[in-house]
Amino acid sequence: MLTFLTGCADAVGFLSLGGAFSSVMTGNMVLLGLAAGRGEADLALTSGCAIVSFIAGVLAGARLAGSAQPNDPVWPGRVTRALVLELLVFVVFLVVWELNLPNHSEHVDLALLMLSAAALGVQSSAVQRFGVPGLSSTYLTGTLTSLIAGVAARTPWRGLRPKAQVLAALMSGAAVGALVAVHLSAWSPALLIAPLVFVIAVSSRMAQEPGVEVSTAP
C-alpha cells in the first residue's frame with residue numbers, strides 16, 4: 001500500500017506539479033544536472049526544491065521512527081507515529097490543493113511538490129525502522145535488480161514474489177495516479193491520503209494485539 005502511494009505521488013508530481021518526482025531523488029538529481037547543463041532555471045528550482053524537501057522529510061522521519069532495535073516487534077509503534085506525521089503533511093497538501101483549484105499557480109505547484117517530497121521522505125525513514133536490508137517503499141531500483149538477479153539464479157518464486165508485488169504496486173500506483181491527475185485532478189490528494197490512512201489503521205490494530213517479537217540474535 002505504501003509503495004502504491006509512492007507511485008501515485010510520483011505520477012501526480014511529474015504530471016501536475018512541475019515535472020519532478022516526489023520520491024525518485026535519483027531522477028530529480030538527473031533532472032537537476034540536465035537543467036544546469038541546459039540553463040533551465042525553472043526545472044533546476046523544481047527538482048532542487050524536491051530534493052531538499054525530501055531530505056528534510058528523511059531527517060524528521062528518522063528522528064521520529066528511530067533505528068531498528070533487537071527487541072522490536074514485527075511493526076514498531078514508532079513507525080506508525082512517523083506515518084501519522086506523513087499523513088499530516090498530506091492533509092496540508094490536500095488543503096492547499098483544494099483551495100487553489102481549478103488552476104494552481106507555479107508557486108503553489110512548487111509548494112505542493114515540496115510537501116509531497118517531504119512526506120515521502122518521512123515514509124522512507126519510517127520503513128527503514130524495520131531494519132530489513134533492501135526493504136523500501138520509495139527507492140526500488142535495488143528491488144528490481146534483486147528480482148532479476150534472483151530469476152537468473154533460479155531462486156524459488158516464493159522468495160521473489162514479494163519483490164515482484166512491490167514493483168507491481170509502484171507501477172499500478174503510477175498508472176492510477178496518472179489517470180486521476182489527467183482526468184480527475186481534484187481527487188488527486190485522495191490517492192495520497194487513502195492508502196496511508198488504511199496502513200495506519202491496520203498497523204494501529206496490530207499494535208493492540210499480542211505480537212511476535214523478532215530478534216536479530218543468531
> Would you say I55 and Y139 are hydrophobically clustered, going by side-chain heavy atoms of ILVMFWY under 4.5 Å?
Replying inline: no

>> Show me the pairs that pass salt bridge (charged side-chain N to carboxylate O under 4.0 Å, His left out) and involve residues 98-117, at least two apart or across chains.
In response: none

> In Å, rounded to the nearest 0.5 Å, how long is the span from CG of L196 to CG of L87?
Replying inline: 5.0 Å

> Residues in side-chain hydrogen bond (donor to acceptor under 3.5 Å, both in side chains) with N28, at least two apart?
Replying inline: none

>> Listing request: all salt bridge (charged side-chain N to carboxylate O under 4.0 Å, His left out) pairs with a residue in residues 165-187, at least two apart in sequence or in separate chains.
In response: none

> Between L115 and W97, is any pair of side-chain heavy atoms under 4.5 Å apart?
Replying inline: no

> Which residues pass the side chain to side chain contact (heavy atoms under 4.5 Å, CB included) test with T141, sequence neighbours left out?
Replying inline: T145

> Considering all heavy atoms of both residues, which atom of T46 and which atom of G18 are nearest to each other, and what is their separation?
Replying inline: CG2-O, 3.8 Å

> I193 and V176: same hydrophobic cluster, using ILVMFWY side-chain contacts below 4.5 Å?
Replying inline: no

> Taking ILVMFWY side chains as joined if any heavy atoms are under 4.5 angstrom apart, and letting links pass through other members, which residues group with L99?
Replying inline: V95

>> Could you work out, with side-chain hydrogen bond (donor to acceptor under 3.5 Å, both in side chains) as the rule, every residue matching T26, not counting sequence neighbours?
In response: none

> Transitively linked via ILVMFWY side-chain contacts under 4.5 Å: L192 with V58?
Replying inline: yes

> Sequence neighbours excluded, which residues qualify as ring pair (Phe, Tyr, Trp, His ring centres under 6.0 Å) partners of F21?
Replying inline: F14

> How long is the span from the CG atom in L15 to the CG atom in D10, to the nearest 0.5 Å?
Replying inline: 10.5 Å

>> What I'd like to find out is whether the side chain of F54 reaches to under 4.5 Å of the side chain of S22, using heavy atoms alone.
In response: no

>> Taking L83 as the starting point, is it possible to reach V92 by hopping between hydrophobic residues whose side chains are less than 4.5 Å apart?
In response: yes

>> Using modelled atom types and a 3.5 Å cut-off, is there a donor and acceptor pairing between side-chain atoms of R78 and backbone atoms of L64?
In response: yes

What donor-acceptor contacts under 3.5 angstrom involve side-chain atoms of residues 1-8, with partners at least two apart or in another chain?
| residue | atom | partner | partner atom | Å |
| --- | --- | --- | --- | --- |
| T6 | OG1 | L2 | O | 3.1 |
| T6 | OG1 | Q123 | NE2 | 3.2 |
| T6 | OG1 | S137 | O | 2.8 |

List the atom pairs, donor and acceptor, that lie under 3.5 Å between side-chain atoms in residues 146-156 and the rest of the protein, sequence neighbours left out.
| residue | atom | partner | partner atom | Å |
| --- | --- | --- | --- | --- |
| T155 | OG1 | G150 | O | 3.2 |

> Are side-chain heavy atoms of T80 and S204 found at a separation under 4.5 Å?
Replying inline: yes

> With no hydrogens and no angle check, is any side-chain donor or acceptor of S16 less than 3.5 Å from a backbone partner on G13?
Replying inline: no

> Which pair of non-hydrogen atoms, one from P76 and one from R129, has the smallest distance, and what is that distance?
Replying inline: CG-CG, 4.0 Å

> With hydrophobic residues grouped by side-chain heavy-atom distances under 4.5 Å, do V197 and V84 end up in a single group?
Replying inline: yes

> Is the backbone of V122 close enough, under 3.5 Å, to the side chain of S125 for a donor and an acceptor to pair up by distance?
Replying inline: no

> Do you know the tightest heavy-atom contact between L120 and A9?
Replying inline: CD2-CB, 3.9 Å

> Of all heavy-atom pairs between A20 and S47, which one has the smallest distance, and what is that distance?
Replying inline: CB-CA, 4.2 Å

> Which value, rounded to the nearest 0.5 Å, describes the distance between H107 atom NE2 and N100 atom CG?
Replying inline: 12.0 Å

> What's the spacing between E86 CD and S116 OG if we round to 0.5 Å?
Replying inline: 9.0 Å

>> Distance check, rounded to the nearest 0.5 Å: L32 atom CG versus L34 atom CG?
In response: 9.0 Å

>> Does anything in residues 17-44 form a salt bridge (charged side-chain N to carboxylate O under 4.0 Å, His left out)? List the pairs, not counting sequence neighbours.
In response: R38-E40

>> Quick one, V199 and P195 - any side-chain contact, counting heavy atoms below 4.5 Å?
In response: no

> How long is the gap from OG1 on T143 to CG on L170, to the nearest 0.5 Å?
Replying inline: 9.5 Å

>> Looking at every non-hydrogen atom in both residues, tell me the closest pair between P189 and A186 and how far apart they are.
In response: CD-O, 3.6 Å

> For the residue pair A11 and A178, what are the closest heavy atoms and their distance?
Replying inline: CB-N, 3.6 Å

>> Suppose we screen for side-chain hydrogen bond (donor to acceptor under 3.5 Å, both in side chains). Which residues come up paired with Q165, at least two apart in sequence or across chains?
In response: none

> Linking Ile, Leu, Val, Met, Phe, Trp and Tyr through side-chain heavy atoms less than 4.5 Å apart, which residues share a cluster with M114?
Replying inline: L45, L110

